[in-house]
Amino acid sequence: MNAQSTAVGWAVVGTGTVSHAVASDLRHVEGARRAAVWSRDVRKAHAFAQQQQFDRAYVSFDQLIAAPDVDIVYLATPHATHTPFALAALDAGKHVLVEKPIGVDAAEARTIARAARANKRFAMEGMWMRFSPAYIALRAEVASGALGDISSVRATFGLPFGAKDSPAWSADRGSSTLLDQAIYTVTLARDILGEPAGIVSNATTREDGVDLSLHATLLFDGGRFAQLAASMVTYIDPTASISGTNGWATLAAPFWATDRFRRHSGDFGDAFDAPVDRVFPQEGHGYVPMLRAVQVAVTAGLTEHPLHPLTDSIAVMDVLDRIRSSWLPATSI
Ligand SMILES: NC(=O)C1=CN([C@@H]2O[C@H](COP(=O)(O)OP(=O)(O)OC[C@H]3O[C@@H](n4cnc5c(N)ncnc54)[C@H](OP(=O)(O)O)[C@@H]3O)[C@@H](O)[C@H]2O)C=CC1
Ligand SMILES: O=C1CO[C@H](CO)[C@@H](O)[C@@H]1O
């Protein structure tokens, strides 16, 4: 792929939670070379490179994106930093896989899409749920009519991540349960029901504006609806279900990274007494299908992935913007 080898060189930017999981999953991707890692802290960069077996460690982002053996830059940093890092990497001629959310709003997502087009480079948001075998199979069952005409979706993702005043969540980093958790619920609702015609929502926000919990009802043509909720301070059942005229199906927790769903369908007897379980093998921490798909697309010269094109990231960000702008004046805690 790059001048020095036929392997595809990956760089990981940031050394936090998801960087470790993804770096470890890269070992399962045939032809992926763990080329470089970047951190603001030299010790962390070297420790990560050693632990995850990356060739080199950088504290200069400019040097990392100038490295000839780096093909794909995976960005796993705070939300507010995604766009500047992505633009710099694209302008340096690198392909980018940007952790979700691609930016903090739809305007940023559009800016990244323009830069990817201008540089003729691959860009994608790391919406791994869309590459999960269980999720793909459920979408196929829905499309084939197994649940009849779809009438509603419920998707909720609340986990108490820590203290409400944790410095890990800050407005200047773009911390937000809308961007961090609700993005999965909106992605699922759009995948099944399309673009919402109306939105009813409210959120609980911290004084600095960080939204901590929210609920939203998305309204669609024909009375269809999606009930969504997200939180970073309390549990909210981390499952999702899709219902229609012939039954319902539930993605097991955590629905955004699940290996299974249960379908209840048919007449009342079958729906209640004869559910069908579908279970799929999970590779690594669950990121492998997405990483492999990105690498295959880049190797094939694609600039977007058909399973998660930039137009979809932009459309989801548009819905997130609409949800945010529908909130009543901030309710601080
Ligand atoms: N797909 C998934 O399953 C998951 C996705 N995510 C997404 O991944 C991204 C990162 O999340 P997560 O790994 O949980 O976050 P962490 O806080 O654990 O790690 C973020 C890393 O970004 C680096 N960083 C760069 N610039 C800054 C800055 N200005 N302030 C703070 N850190 C900075 C830090 O690395 P260093 O100190 O080395 O510079 C830090 O370790 C987010 O977009 C999040 O939504 C998160 C979890 C799971
Ligand atoms: O995207 C994500 C997936 O799930 C994690 C929790 O398990 C979240 O923290 C994260 O933001």
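Sequential numbering from 1 along the given sequence is applied to the chain's residues. Read the numbers this way: they start at 1 and go in the same order the structure lists the ligands and their atoms.
Side-chain atoms of S170 and D172 form a donor-acceptor pair, as typed in the model, at a separation below 3.5 Å. Side-chain contact, S241 with T250: no donor N or O sits under 3.5 Å from an acceptor N or O. For the residue pair E125 / H308, a side-chain donor-acceptor distance below 3.5 Å is found, with atom types taken as modelled.
Counting protein heavy atoms under 4.0 angstrom from atom 17 (O) of ligand 1 gives zero.
Screening M124, R121, H95 for a side chain to side chain contact (heavy atoms under 4.5 Å, CB included) involving I72 leaves a single residue, H95.
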Practice problem: Decide yes or no on ring-ring contact (aromatic ring centres under 6.0 Å, His included) for W38 and Y58, but give the supporting numbers first. | Solution: CA-CA 5 Å; W38 174 90; Y58 288 93; 10.0 Å; no
Quiz prompt | side-chain contact (heavy atoms from CB on, under 4.5 Å) assessment of L26 paired with Q52 | solution = CA-CA 9 Å; L26 275 174; Q52 300 295 350; over 6 Å; no
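Checking only distances, D41 never comes within under 3.5 Å of ligand 1, N or O to N or O. The shortest N or O to N or O distance between G16 and ligand 1 is under 3.5 Å.
Below 30°, between 30° and 60°, or above 60°: for F61 and F85 the angle between ring planes is between 30° and 60°, a tilted geometry.
Atoms of ligand 1 found under 4.0 Å from any heavy atom of S39, numbered from 1 in the order shown, are 36 (P), 38 (O), 39 (O). When each atom of ligand 1 is checked for a heavy atom of T15 under 4.0 Å away, the hits are 35 (O), 36 (P), 38 (O), 41 (O). Atoms of ligand 1 found under 4.0 Å from any heavy atom of P78, numbered from 1 in the order shown, are 22 (O), 24 (N), 25 (C), 26 (N), 27 (C), 28 (C), 30 (N), 31 (C), 32 (N), 33 (C). Within ligand 1, counting atoms from 1 as listed, the ones closer than 4.0 Å to a heavy atom of K44 are 36 (P), 37 (O), 38 (O). The distance from ligand 1 to the heavy atoms of H82 drops below 4.0 Å at these ligand atoms: 43 (O). Short contacts between ligand 1 and H79, defined as distances under 4.0 Å to a heavy atom of the residue, involve ligand atoms 42 (C), 43 (O), 44 (C), 45 (O).
H28 places no side-chain N or O within donor-acceptor distance of the main-chain N or O of E283, the cut-off being under 3.5 Å. A donor-acceptor contact shorter than 3.5 Å is absent between the side chain of H79 and the backbone of D180.
Near ligand 2, K100, F157, F161, D180, Y184, W256 each place a heavy atom less than 4.0 angstrom from the ligand.
Both the backbone and the side chain of K100 come within contact range of ligand 1, each with a heavy atom under 4.0 Å. The proximity of W128 to ligand 1, defined as any non-hydrogen pair under 4.0 Å, is limited to the side chain.
The pair D55-R33 counts as a salt bridge, with a side-chain nitrogen and a carboxylate oxygen less than 4.0 angstrom apart. A salt bridge between D211 and R324 is absent, with no side-chain N of the basic residue lying under 4.0 Å from a carboxylate O of the acidic one.
Atom 9 (C) of ligand 1 has its nearest heavy-atom neighbour, among T77, D180, D172, in T77. Across R40, M129, E99, M290, heavy-atom proximity to atom 32 (N) of ligand 1 is greatest for R40. The residue from I183, T17, V18 that puts a heavy atom closest to atom 11 (O) of ligand 1 is V18.
A heavy-atom separation below 4.0 Å is found between Y184 and ligand 1. The shortest heavy-atom distance from Y287 to ligand 1 is under 4.0 Å.
From L178, atom CG reaches atom OG of S201 across 7.5 Å, with rounding to the nearest 0.5 Å.
The side chain to side chain donor-acceptor pair (under 3.5 Å) check on D208 picks up R206, with sequence neighbours excluded.
Taking atom 20 (C) of ligand 1 as the reference point, the nearest protein heavy-atom neighbour is A76 O, 3.6 Å.
Here the side chains of D237 and R154 are in contact, with some heavy-atom distance below 4.5 Å.
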